[in-house]
Each structure stands twice: as structure tokens, then as C-alpha cells.
There are 2 protein chains.
Amino acid sequence: MPQRTGRNMTAPPSTARRADPGPREIVIVIDDDAMVRGATETLLRSVGFAVLTFERPQDALEADWPDVPGCIVLDIRLPQFSGLDLQRRLAESGTATPVIFMTGHGDIPMTVTAMKAGAVDFLTKPYRDQDLLDAVSRAIETDRNRRAEGAALAGLREAHAGLTQREREVLEGVARGLLNKQIAGELGLAEITVKLHRSSMMKKMGLRTVAELVRAADLLASAQTRV
Amino acid sequence: MPQRTGRNMTAPPSTARRADPGPREIVIVIDDDAMVRGATETLLRSVGFAVLTFERPQDALEADWPDVPGCIVLDIRLPQFSGLDLQRRLAESGTATPVIFMTGHGDIPMTVTAMKAGAVDFLTKPYRDQDLLDAVSRAIETDRNRRAEGAALAGLREAHAGLTQREREVLEGVARGLLNKQIAGELGLAEITVKLHRSSMMKKMGLRTVAELVRAADLLASAQTRV
DNA sequence: GGCGGGCCCATACCAACGTATGGCCGGGCG
DNA sequence: CGCCCGGCCATACGTTGGTATGGGCCCGCC
């Protein structure tokens, strides 16, 4: 393989504005210590991860990363606001990228808070390189699964948004296992009208069987209530 | 309300062999320090929990607790084997009762291991009484939900076990959204035969709609793969 | 041997589903 | 204004689902 310009990023030489196809996997590293940032970046790059480093968590929040599987590695003690704050803010902004904490002087309550908030791992400095690599690999695998589910859900939500109100009502009735006749009764419609909405709804949602519809409706409902 | 014999357990004066209706909620306390056991038991009883205390984790494993919502509170450092071992053994034996750790001299890696293994909380001594009570309340609530789901699942599994092989095959086909005709083709049967198995299966499973069936089948399948 | 249960199939009938076609209404839009 | 679209309903027809009834086969158990 020929060498690229300078960095070992796997990006085409075309436009360099934004990460277009982007790297395959990315690790966001946040630490106020430049030495740590450099060492961590070197380590992660050596095994093929793309890396973005930030000194301050605010910078990481404002930057937009490539939309590929990844994870965040950060010290729990950081300038401005703590790693726990960042974790919370990320969750609030809908970013569910897995978070790995590392710290040299953390305490147990802090650890418990971080883990309960969904951190996938918590490393104590000094840690072995392999420990970080293992944790990052697991976290990225987690993110990959999360993204697969999220993509399916996003497609469903988009299709659901394209439904008319009536179609949504019929969808809900079918998912509850009601007969067309019963749905018609609830909505004050004729049975034939329900059939029409139902047929149109199934087309728009790309569903072909009641089984698919039930699963899709449950996915939408659970995502609704979780948020 | 008249006072009972001596203890403030809500048990009828009939047979005292085993906890028949049992207390409403139970907390298992495991600690090698008799003072801690006593103090913790007093605290928990004062707010209405039933409490069982054990000095050694082995005792807790061998004892059988009343089958009511509850949780386990234990020190992470214990004689014979550690709290982490106990947590693992409980999981292996199918007991998913929530675990709360408390410790005076734990370290972060230990905390991380415990949390990743599913501990619901991790208290550091000295803790405030209220912290323990809060953690216990949350854990019991978790257990209550887990039990509600488990009971529903157990009923499903029992019904599923009562099906014949053919009925299970038909169930699986219906859950995949296949037509009776298609199921018949896959199984090399006549369509009418599939209808008969299907009808019998729905009766045995206590299901009345395809929607219910799909959800039941998915629950069974997910529980299958998780174990 | 009889008896029950699982398994298989056939005929028959009704209910529910799905689709097509046509008609009516109201509102937004070029 | 005409047109389209969403919503509503009707008739009609073919498919699928659900149940009942009756029959046959095999096997284990009392």
C-alpha cells in the first residue's frame, strides 16, 4: 500500500474538509495532560484506531466527530467540568457513545456514579496498555451494536413520521391485536375505511406481516417511553 | 392491631416451619462483623424490612430465603470467598437478586468489577443510614420489576413446555409471520393440519391474538438466547 | 384388549383480511 | 378554477384464518 501524505489516516486525497467516508472506528481522547494525550493517541493509532484528542471537554462537545462506531476515553478530573458532567451532557444531547473513564486519583463514590451513569469501563492509572485497548475494543463493539439498533429504529421512526394521523391510530390498534371491526368501532369508522388506512400504513412502513408490525410498533413504543 | 408473640414479623401464628406467606420484602445482610450485622439489621427492621443476617457467604448460599422481593447487602471482603465470588455464584445458580456492596477498604478495580457484574450500588463505609436505606429501596424496586417479568416469563415457559413438538414448530412459523399455507409447506403438512396445531397451541398458551403470540414468542426467544 | 393422545387429513362453513373500483366531501395549491 | 390529497364509505371478490365434524394411523398404558 502506498504511503499517504503524512498522517496515517485512511482518507481519500479528495476533499479534506470533513471526514467524508471517515475512518472505520474512532476514539475520542480527552485529557488535560498533553503527555497523556500524546501517549494514548500513539497507542491507539498503533493498533489502527482513528483518534481525536481534546484538552478540554468543552472542545469535544463542540466538535463534531465522524459518524462511525467509536468511544470516548477521558479522565474523570478535567478542567471546567468533570468527566461525569461531560457524560451527563452527552447523554442529554442524545449522544450515546460509550464512555471509558481513566483516572489517577478517583474515589469509589465517583466510580459508582460513573458506572451507574452507564460508563462501560473505568481504568485506574497506571494501567497497562492492553487494558485500555481491551476496554476500547469492547466499547466500540458496544457502540457498533447500539448503532445497528439505532439505525433500524431511525428508519422506523422516519416511516412512522410519514404516516397520517389515522394511519397511526390504526397501526396502534393492530399492534394491540384488535380486529379491523374493533378498531373501526373505537375510531368511529367503517370497517372498510380501517382496511384502507391499514393497507396504506403497511405500505408506507414497509411491513408485510402482522408479526413485523407488532415488532416495529413495540420498538417504536419502547423507544418512545425510554426517552 | 393486636401485638404478636414477640418479633415484629408479619407471620400468622399457624405453622412456623418455613416462611409461608413470608414477609413482604426481605434484605439479606452478610458481614463477618457481628456489630455491623446487628446495627444493619436494626436499621433495616426499623423501617419495616424483614432481615436475615449471615456471617459467612456460604451460609447465605445454603439457606433458602422466602420467595419475596428483596436484595442482598454484603461486604466485599468476606471470609472464605469474596463478595464478588458470591455475586458470581448467585448468578450461576440463577438467583438474580440485586446485590448492594458495602466496604471499608475497597479499591476502584474491585468496584468496577462489581458494578460490571451487575451490582446495583456500592457503598463505602462509613455511610449514612439514609444512603443504605435508599440503596435498599431502589434495589428492592428493581427486584420487584425483575420478579414481575420473571413470573410472566415463567408462565410462558411452562405453557410452552406443555406444547407438542409440532405445536412448537407451528408457533415458530406464526411468529415469523408465515401464512398457514407456508408453514404447511415447510413442515410437509396439509394446511388444515397446521390450523389444528395452531388452534391447539393458542389454547394451551392462553393466547388470543397474533400480536400476543408474537410478543410471547419473542420473550421466549430472547430468554432462550440470553441463557 | 380397550383407551387416550399425538399426528395426520378431508369437507364444510363462517368470519376476518386484503384489494380493487367507484363515489362523496373538504381543503390546499398552482 | 381545476387538481390532488386526505378522509370517508359502499359493493364486490378472492384469500386466509378459525372451527367443527369425521375419519385413519400409531403408540403407550391400564
Side-chain angles (χ1 to χ4, degrees), chain A residues 152 154-221 224, chain B residues 152 154-221 224:
Chain A
L156 275 183
R157 297 181 82 102
E158 186 182 345
H160 187 256
L163 298 180
T164 67
Q165 182 57 28
R166 276 298 194 217
E167 286 166 349
R168 270 189 283 268
E169 290 165 352
V170 171
L171 166 62
E172 193 255 349
V174 177
R176 281 197 291 151
L178 298 182
L179 301 178
N180 288 340
K181 191 190 301 184
Q182 296 172 307
I183 300 174
E186 283 197 3
L187 301 181
L189 298 177
E191 186 181 343
I192 181 65
T193 306
V194 173
K195 289 186 182 182
L196 294 178
H197 287 308
R198 179 168 177 165
S199 174
S200 168
M201 174 268 291
M202 294 289 278
K203 270 189 187 42
K204 289 186 183 175
M205 296 286 291
L207 303 172
R208 298 186 319 154
T209 69
V210 183
E212 288 180 2
L213 182 144
V214 171
R215 294 186 176 104
D218 286 359
L219 269 183
L220 285 170
Q224 207 86 8
Chain B
L156 277 183
R157 296 180 84 101
E158 186 181 344
H160 187 256
L163 298 180
T164 68
Q165 182 57 27
R166 277 298 195 215
E167 286 165 350
R168 270 189 283 267
E169 288 166 352
V170 171
L171 165 62
E172 192 255 351
V174 177
R176 281 196 291 150
L178 299 182
L179 301 179
N180 288 341
K181 192 190 300 183
Q182 298 172 305
I183 300 174
E186 284 197 2
L187 301 180
L189 299 177
E191 186 181 342
I192 181 66
T193 306
V194 173
K195 287 187 182 182
L196 294 179
H197 287 308
R198 178 169 178 164
S199 174
S200 167
M201 174 268 292
M202 295 290 277
K203 270 188 186 48
K204 289 185 184 176
M205 297 286 292
L207 303 172
R208 298 185 318 154
T209 69
V210 182
E212 289 180 3
L213 183 144
V214 170
R215 294 185 176 106
D218 285 359
L219 268 184
L220 284 171
Q224 207 87 8

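These values consider heavy atoms only, across backbone and side chains, with no hydrogens, waters or symmetry-generated copies. This structure is a prediction, so every number in the text was calculated from the model and none was measured. Labels below follow one simple rule: chain letters A, B, ... track the order of the sequence lines, proteins then strands, and each chain is numbered from 1.
- The pair A/Glu172-A/Arg168 fails the salt-bridge criterion, with no side-chain N (NZ, NE, NH1 or NH2) lying under 4.0 Å from an Asp/Glu carboxylate O.
- Between the side chain of B/Glu212 and the backbone N or O of B/Arg208 there is at least one donor-acceptor pair closer than 3.5 Å.
- At whole-Å resolution of the value, CZ in A/Arg208 and C1' in D/dT16 are 16 Å apart.
- Near-neighbour residues of DNA chain D inside residues 189-206 of chain A, defined by a heavy atom below 4.0 Å, number-ordered: A/Leu189, A/Ala190, A/Ile192, A/Thr193, A/Leu196, A/His197.
- Inter-residue side-chain proximity for A/Thr193 and A/Arg166 is flagged as unmet; no heavy-atom pair is nearer than 4.5 Å.
- Between A/Leu187 and A/Val170 there is a side-chain heavy-atom pair separated by less than 4.5 Å.
- Put simply, the side chain of A/Met205 reaches to within 4.5 Å of the side chain of A/Leu163, judged on heavy atoms.
- Note on the helix from C/dG1-D/dC30 to C/dG30-D/dC1: terminal axis deviation equals 20°, with five pairs used at each end and the result rounded to 10°.
- Contact annotation: the side chain of B/Ile183 never approaches that of B/His197 to less than 4.5 Å [non-hydrogen atoms, C-beta and beyond].
- Pairing each heavy atom of B/Glu191 with each of B/Lys181, the nearest pair is CG-N, 4.1 Å.
- Taking both residues in full, the closest heavy atoms of B/Ala211 and A/Val174 are given as CB-O, 4.3 Å, listed atom of the first, atom of the second, then distance.
- Surrounding CD of B/Glu158 are at most 12 heavy atoms belonging to other residues, nucleotides or ligands under 6.0 Å away.
- Distance check: B/Lys203 NZ to B/Glu167 CD gives 11.0 Å after rounding to the nearest 0.5 Å.
- Taking every heavy atom of residues 163-184 of chain A and every atom of DNA chain C, pairs under 4.0 Å involve A/Leu179, A/Asn180, A/Lys181, by number.
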